[in-house]
*Asks:* 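Quick one: the structure is below, and I'll ask about it shortly.
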There are 2 protein chains.
Amino acid sequence: MVEKGYGGTSISDIAKAVGMTKAGLYHHITSKQDILFQILIHAMDGVERDVIEPVKQVEDPEERLRKIIRLHLRRLFENGLEFALLFPERRHLEPAQQEAVVQRGKNYLGLICVAMRELADQGKLQDLDINIAAVHILQTITGIARWYTKDTGISEDHLVEQTVNFNMSAILK
Amino acid sequence: MVEKGYGGTSISDIAKAVGMTKAGLYHHITSKQDILFQILIHAMDGVERDVIEPVKQVEDPEERLRKIIRLHLRRLFENGLEFALLFPERRHLEPAQQEAVVQRGKNYLGLICVAMRELADQGKLQDLDINIAAVHILQTITGIARWYTKDTGISEDHLVEQTVNFNMSAILK
DNA sequence: ATAAATCTACCGATCGTTCGGCAGATTCGT
DNA sequence: ACGAATCTGCCGAACGATCGGTAGATTTAT
């Protein structure tokens, strides 16, 4: 599905990949749409557990923001960068399911906005539009799934460090 | 195709949209794949004409980089943000066509890298990995197509200004 | 014995693509 | 100048393949 898109991936493809027939697969799922929905929900549960929760205890907003970026990237690397590519495929879901996914995405964005607002209160933030900057930060993170492979010669550690620094330089005074 | 993806858009859909039958449409095209290829080529021709060419005469690297970002965004707004979303759909092309598209994308990225290298020579650049930073910059630009609509209440001018500043702050000393 | 898991076989619909043909405009031979 | 030949744009119909999904029989595990 990551390689060929939602529309380009058939139930037969999926069944074959897990070593079953279509009918056998349908014993475990309810519809093709539901597969996509479950994947997205599962991915966002993971972000909640591995990024949002651990970060709640960090009081310093600068340190928190750095940790958000670092943990998010670490999670992407460990759980498969490619799943981030399925996020745009939410357009194939029912409006209600779409809303559920989008809502959780917005919550995450809010986390970044709050940290920036706290930085602004401390006078450490540049003069910028927080909402736009937050989207840009998120974009540099998730965008990595679109181009990074190990055979670029770039190490994961280096990429994480560079991405954190890039974004912090962009917003801090 | 932007809304439903390559696989999710049928030839019938396209034919209906242009007020023809499938057969009538096939009088003008050679294959579904070719439609996608032509769209991508056309889009990249536009970037070459509206961004790459006008920017060649700017000598100061900082000014040039600012102009690249500004012109690229202006072009996206005027020629339809949504076409940028078709770029990832290049996976549905033949490897040879894919290569042609990717190559032109890399050229564009090179333009950004050169400007940053010149900035580094002038000692104006932060200590960072130029290749990674270039991708991040490009990601904030093209990523805008993924979330921006006019009903966010954000004006195009404001967004352009914020995006230029975000990226320049990220890389300049 | 029973219930879960998986199978074979099939459904109607739709996919991308091709074919032959049909009007209307243009070009050509005389 | 005029009919014949050609070209252009489009259509209805159909092709084989594949789509998402289902029914019912069969295997597997307890």
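Below, read A as the first sequence line, B as the second, and so on, with proteins coming before strands; counting in each chain starts at 1.
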*Asks:* Using side chain to side chain contact (heavy atoms under 4.5 Å, CB included) as the criterion, point out the one residue from A/L172, A/I130, A/L111, A/D121 that pairs with A/M116.
*Replies:* A/I130
*Asks:* Are B/Y108 and B/H72 an aromatic pair, judged by ring center distance below 6.0 Å?
*Replies:*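 Between B/Y108 and B/H72, which both carry aromatic rings, the centre distance is below 6.0 Å.
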*Asks:* Of the nucleotides D/dG21, C/dT6, D/dC10, which one has an atom closest to the side chain of B/M20?
*Replies:*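 Given the options D/dG21, C/dT6, D/dC10, the side chain of B/M20 is closest to D/dC10.
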*Asks:* Output the rounded distance in Å from NZ (A/K4) to C1' (D/dT18).
*Replies:* 12 Å
*Asks:* What integer distance in Å separates A/H28:NE2 from D/dG21:C1'?
*Replies:*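 Computing the A/H28:NE2 to D/dG21:C1' distance gives 16 Å.
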*Asks:* Quick one: A/L25 CG to C/dA9 P, roughly how many Å, whole number?
*Replies:*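 From A/L25 CG to C/dA9 P: 19 Å.
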*Asks:* When all nucleic acid strands are considered with a 4.0 Å heavy-atom cut-off, which category describes B/T30: base, sugar-phosphate, or nothing?
*Replies:*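 No contact.
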*Asks:* Given C/dC7, C/dT17, D/dC11, which nucleotide is nearest the side-chain atoms of A/T21?
*Replies:* C/dC7
*Asks:* Whole-Å distance between D/dG20 C1' and A/D34 CG?
*Replies:*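 Result: 14 Å.
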*Asks:* Using atom CG of A/L36 as one end and atom P of D/dG20 as the other, report the distance to the nearest whole Å.
*Replies:* 13 Å
*Asks:* Give the rounded distance in Å between these two atoms: NE2 of B/H27 and C1' of C/dT18.
*Replies:*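 Between C1' of C/dT18 and NE2 of B/H27: 14 Å.
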*Asks:* Would you mind telling me which of C/dT18, D/dC19, D/dA23 lies closest to the side-chain atoms of B/Y26?
*Replies:* C/dT18
*Asks:* Pick one: which of B/N167, B/T140, B/T163 meets side chain to side chain donor-acceptor pair (under 3.5 Å) with A/H136?
*Replies:* B/T163
*Asks:* In whole Å, what is the span from the CG atom of A/D13 to the P atom of D/dA17?
*Replies:*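 About 17 Å, once rounded to whole Å.
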*Asks:* Side chain of A/S10, heavy atoms from C-beta onward: which of D/dC19, C/dT17, C/dT8 has the nearest atom to it?
*Replies:*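 Of the options given, the side chain of A/S10 lies nearest D/dC19.
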*Asks:* Mind calculating the distance between NZ (A/K22) and P (C/dT8) to the nearest angstrom?
*Replies:* 13 Å
*Asks:* Give a yes or no on whether the backbone of A/E59 and the side-chain of A/R64 come within a donor-acceptor separation of less than 3.5 Å.
*Replies:* yes
*Asks:* State whether the distance check finds a donor on one side and an acceptor on the other, under 3.5 Å, for side chain A/K32 versus base D/dG21.
*Replies:*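 Per atom types, no contact qualifies.
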*Asks:* Any idea which of D/dG21, D/dC10, C/dG16 is nearest the A/S31 side chain?
*Replies:* D/dG21
*Asks:* Is the positively charged end of A/K32 above the ring of A/Y6, judged by distance under 6.0 angstrom from the centroid and angle within 45° of the axis?
*Replies:* yes
*Asks:* Identify which nucleotide among C/dA9, C/dG16, D/dG20 has an atom closest to any side-chain atom of B/I11, counting heavy atoms from C-beta outward.
*Replies:* C/dG16
